[in-house]
Amino acid sequence: MSGAGAARPSVTRLKLTGFRNYASLDLSLDARPVALSGPNGAGKTNLVEAVSLLGPGRGVRAAGGEAVLRRTPQGPDRLWAVHAEAMTRAGSVTLAAGSDPADAARRRTRIDGAAATQSALARIFPMLWLTPREDRLWAGPRADRLRFFDRLVLSGAPDHAAQASAYDKAMRERQRLLDRMADGARPDPDWLTALEAEMAARAIALAAARLDALARLQAEIDARPSARFPTAELALDGIVEARLAGGASAREAEDWFAETLKSARGRDSAAGRALTGPHRSDLAARHREKDQPAADGSTGEQKALVLALALAQAGAIRSQRGAAPVLILDEACAHLDSGRREGLAEAILTLEAQAWLTGVDAALFAPFAEAAQHLRIEAGAVAERS
Ligand SMILES: Nc1ncnc2c1ncn2[C@@H]1O[C@H](COP(=O)(O)OP(=O)(O)OP(=O)(O)O)[C@@H](O)[C@H]1O
Ligand SMILES: [Mg+2]
């Protein structure tokens with residue numbers, strides 16, 4: 001089916017139990033895109049959220065385990081589960097996400113029945129998603145943009161999440177010591193130095209992965225100019241990224257950042273947080289054709305630019321690995337005019353990606369015609385499919 005050789009990552013069967021407004025669901029699918037339509041409150045976003053929980057991270061809603069437990073008038077269900085048969089880089093596997101029976105707030109993820117790490121999931125079942133939250137990406141808070149970009153990086157660099165959480169852990173630990181310093185205690189300087197060395201090592205890995213992803217992404221954007229989507233010019237704004245991009249070796253940049261952290265102890269202690277580092281980086285984007293910052297575009301132009309980035313990242317992964325990741329596009333067509341909606345369908349079909357798209361009206365997905373599976377969702381069930 002795939003012209004690119006590798007099997008197309010896709011969900012071929014999806015079973016839900018006690019998940020949000022789904023008491024149960026058992027859905028057989030093929031590798032084509034899945035277009036979900038239906039009225040507000042039907043369960044479209046819930047369904048794509050369930051799919052997103054099969055990949056690394058906390059899903060499209062970043063919700064804890066308890067929030068997804070199905071609420072009923074008799075009280076919430078006790079357990080939830082998402083089971084899938086999926087085509088992945090490791091061949092056909094079963095993926096499962098569900099509550100830990102010992103602690104409903106915790107999520108367990110399994111590949112073929114064995115506990116799966118985030119890195120393993122990212123490696124075998126890469127996934128990219130956009131939600132209505134990203135409609136405000138360019139004009140919104142820096143932290144949201146960085147989180148979005150890090151998700152793009154993760155889709156091509158499976159260890160990125162592990163590096164980020166190790167960095168955060170060392171940063172939190174260092175801050176605990178610095179907070180005590182603010183209270184007059186004298187923290188062990190060797191312990192602080194060790195934590196800063198750990199932060200520096202992880203910071204270099206994070207920044208290098210971001211720069212690498214950015215270069216691939218920009219190359220993909222430049223290689224495939226689209227008549228329907230704006231062209232993004234991307235840049236990373238971060239002190240460690242700038243150091244590496246400026247020609248420092250990884251070792252030099254690591255030593256420099258460890259030194260920077262050391263000299264910032266007093267300031268970070270007073271501020272109650274680390275004021276510099278890769279957790280403070282930002283993604284800058286310009287709309288090339290209009291020669292203006294992305295944030296100055298119209299609502300639809302801004303959305304088109306975010307979509308263009310996600311599609312380009314999917315293209316970069318396809319060039320690199322032979323198959324595009326699963327794409328989740330909640331409210332895919334919101335703010336897009338008919339030309340852009342056609343362009344979106346064309347781009348997804350060219351990528352040969354199993355994209356999960358939601359929208360209130362089936363007509364939004366007409367450009368896919370028979371190249372997608374069309375499902376109408378009503379009240380937590382599939383009411384119709386074609
Ligand atoms: N834990 C839960 N248990 C039961 N129902 C829930 C739970 N969480 C959310 N819901 C309900 O599920 C319904 C469907 O939500 P969902 O966000 O999937 O709708 P949607 O089809 O995407 O609608 P829209 O077009 O408005 O985006 C909502 O009515 C919501 O209140
Ligand atoms: Mg929705």
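Everything numeric here is computed off the predicted structure, so don't read it as measured data. The analysis underlying the following values was restricted to heavy atoms, covering all of them including side chains, and did not include hydrogens, waters or symmetry mates.
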- Message: Any non-hydrogen side-chain atom of T12 less than 4.5 Å from a side-chain atom of S10?
- Response: yes

- Tell me, with the steps shown, if Q313 and S155 meet side chain to side chain donor-acceptor pair (under 3.5 Å). CA-CA 8 Å; Q313 176 65 1; S155 65; 3.1 Å; yes

- Flag yes if more than 12 heavy atoms outside R133 fall under 6.0 Å of its CZ atom; otherwise flag no. no

- Task: Could you tell me whether R216 and D212 have a side-chain N and a carboxylate O separated by less than 4.0 Å?
- Result: yes

- Flag the pair R61 / R20 as yes when at least one side-chain heavy-atom distance between them is below 4.5 Å, and no otherwise. yes

- For G55 and R107, which heavy atoms make the closest approach, and how far apart are they? O-NH1, 4.0 Å

- Query: Got more than 12 heavy atoms from elsewhere within 6.0 Å of CZ, R78?
  - Reply: no

- Are V360 and V382 linked, directly or through other ILVMFWY residues, by side chains that come within less than 4.5 angstrom of each other? no

- Task: May I have the step-by-step check of side chain to side chain contact (heavy atoms under 4.5 Å, CB included) for R265 and R174, ending in yes or no?
- Result: CA-CA 9 Å; R265 283 176 192 171; R174 169 180 178 268; 4.2 Å; yes

- Taking V11 as the fixed residue, which of L95, V82, V51, L27 is the one that meets the side-chain contact (heavy atoms from CB on, under 4.5 Å) rule? V51

- Criterion side chain to side chain donor-acceptor pair (under 3.5 Å) on E289 and T231, from CA distance to verdict: CA-CA 7 Å; E289 289 80 12; T231 312; 2.4 Å; yes

- Message: Would you say that I348 contacts L357 through its side chain, given a criterion of any heavy-atom pair below 4.5 Å between the two side chains?
- Response: yes

- Hey, does Q302 have a side-chain heavy atom less than 4.5 Å from the side chain of D135? no

- Item | Residue pairs passing the side chain to side chain donor-acceptor pair (under 3.5 Å) test where at least one lies in residues 113-127, sequence neighbours excluded | R123-D159

- Shared ILVMFWY cluster between L154 and L121, side chains joined below 4.5 angstrom? no

- Query: What closest approach, in Å, do A207 and L244 show between heavy atoms, and which atom pair accounts for it?
  - Reply: CB-CD1, 3.9 Å

- Query: For residues 236-247, which residue pairs qualify under salt bridge (Lys or Arg N to Asp or Glu O under 4.0 Å), counting only residues two or more places apart or in two chains?
  - Reply: R210-E241

- Message: So that I can tick it off, tell me whether K169 and E173 are bridged by a salt bridge, with the cut-off set at under 4.0 angstrom between side-chain N and carboxylate O.
- Response: no

- Pairwise side-chain contact, L349 with P33, heavy-atom cut-off 4.5 Å (strictly under): yes

- Can you tell me if R71 and N21 form a side-chain donor-acceptor pair at under 3.5 Å? no

- Message: Can you pull out every ring-ring contact (aromatic ring centres under 6.0 Å, His included) where at least one residue sits in residues 96-126? Sequence neighbours excluded, please.
- Response: none

- Item | Nearest atoms (heavy-atom pairs only) where M87 meets A7 | CG-CB, 3.6 Å

- Message: Please say yes or no: joined through hydrophobic side-chain contacts below 4.5 Å, possibly via intermediate residues, are V60 and L307 part of one cluster?
- Response: no

- Query: Does a side-chain N-to-carboxylate-O contact under 4.0 Å join R273 and D179?
  - Reply: no

- Check whether any side-chain heavy atom of M199 sits under 4.5 Å from a side-chain heavy atom of L261, and report yes or no. yes

- Query: Rounded to the nearest 0.5 Å, how far apart are CD of E331 and OG1 of T358?
  - Reply: 4.5 Å

- Within 6.0 angstrom of R106 CZ, more than 12 heavy atoms from elsewhere: no

- Minimum-distance pair of heavy atoms, taken over all atoms of A170 and E198: CB-CG, 3.6 Å

- Message: Show every side chain to side chain donor-acceptor pair (under 3.5 Å) that has at least one partner inside residues 79-103, sequence neighbours left out.
- Response: T94-D112

- Query: Are side-chain heavy atoms of H374 and E384 found at a separation under 4.5 Å?
  - Reply: no

- Indicate yes or no: at least one non-hydrogen side-chain atom of L128 is less than 4.5 angstrom from one of I328. no

- Message: So that I can tick it off, tell me whether E196 and K262 are bridged by a salt bridge, with the cut-off set at under 4.0 angstrom between side-chain N and carboxylate O.
- Response: no

- Query: Which pair of heavy atoms, one from A304 and one from P230, lies closest together, and at what distance?
  - Reply: CB-CD, 3.6 Å

- Query: Hey, any chance L311 and L130 share a hydrophobic cluster, counting ILVMFWY side chains that come within less than 4.5 Å of each other, even indirectly?
  - Reply: yes

- Message: Tell me whether L79 shares a hydrophobic cluster with L16, the cluster being built from Ile, Leu, Val, Met, Phe, Trp, Tyr side chains joined at under 4.5 Å.
- Response: no

- Determine which pairs satisfy ring-ring contact (aromatic ring centres under 6.0 Å, His included) with at least one residue from residues 143-172, sequence neighbours left out, and list them in order. Y167-H279

- Please round to the nearest 0.5 Å and tell me the distance separating atom CG of L305 and atom CG of L137. 9.5 Å

- Tell me, which pairs form a ring-ring contact (aromatic ring centres under 6.0 Å, His included) where one or both residues lie in residues 335-367, sequence neighbours left out? none

- Could you tell me the separation between the CG atom of L309 and the CD1 atom of I221, rounded to the nearest 0.5 Å? 5.0 Å

- Message: So that I can tick it off, tell me whether E378 and R376 are bridged by a salt bridge, with the cut-off set at under 4.0 angstrom between side-chain N and carboxylate O.
- Response: yes

- Message: I need the D168 CG to Q163 CD distance, nearest 0.5 Å.
- Response: 11.5 Å

- Which is it for Q373 and D30 under the side chain to side chain donor-acceptor pair (under 3.5 Å) test, yes or no, and what are the steps along the way? CA-CA 8 Å; Q373 310 164 77; D30 57 50; 3.0 Å; yes

- Got a second to check how far L336's CG is from S338's OG, nearest 0.5 Å? 10.0 Å

- Identify the heavy atoms of L192 and P187 that sit nearest to each other, and give their distance. CD1-CG, 4.1 Å

- Just checking, any donor-acceptor pair under 3.5 angstrom between side chains of D330 and T131? no

- Item | Interatomic distance, L283 atom CG to L146 atom CG [nearest 0.5 angstrom] | 8.5 Å

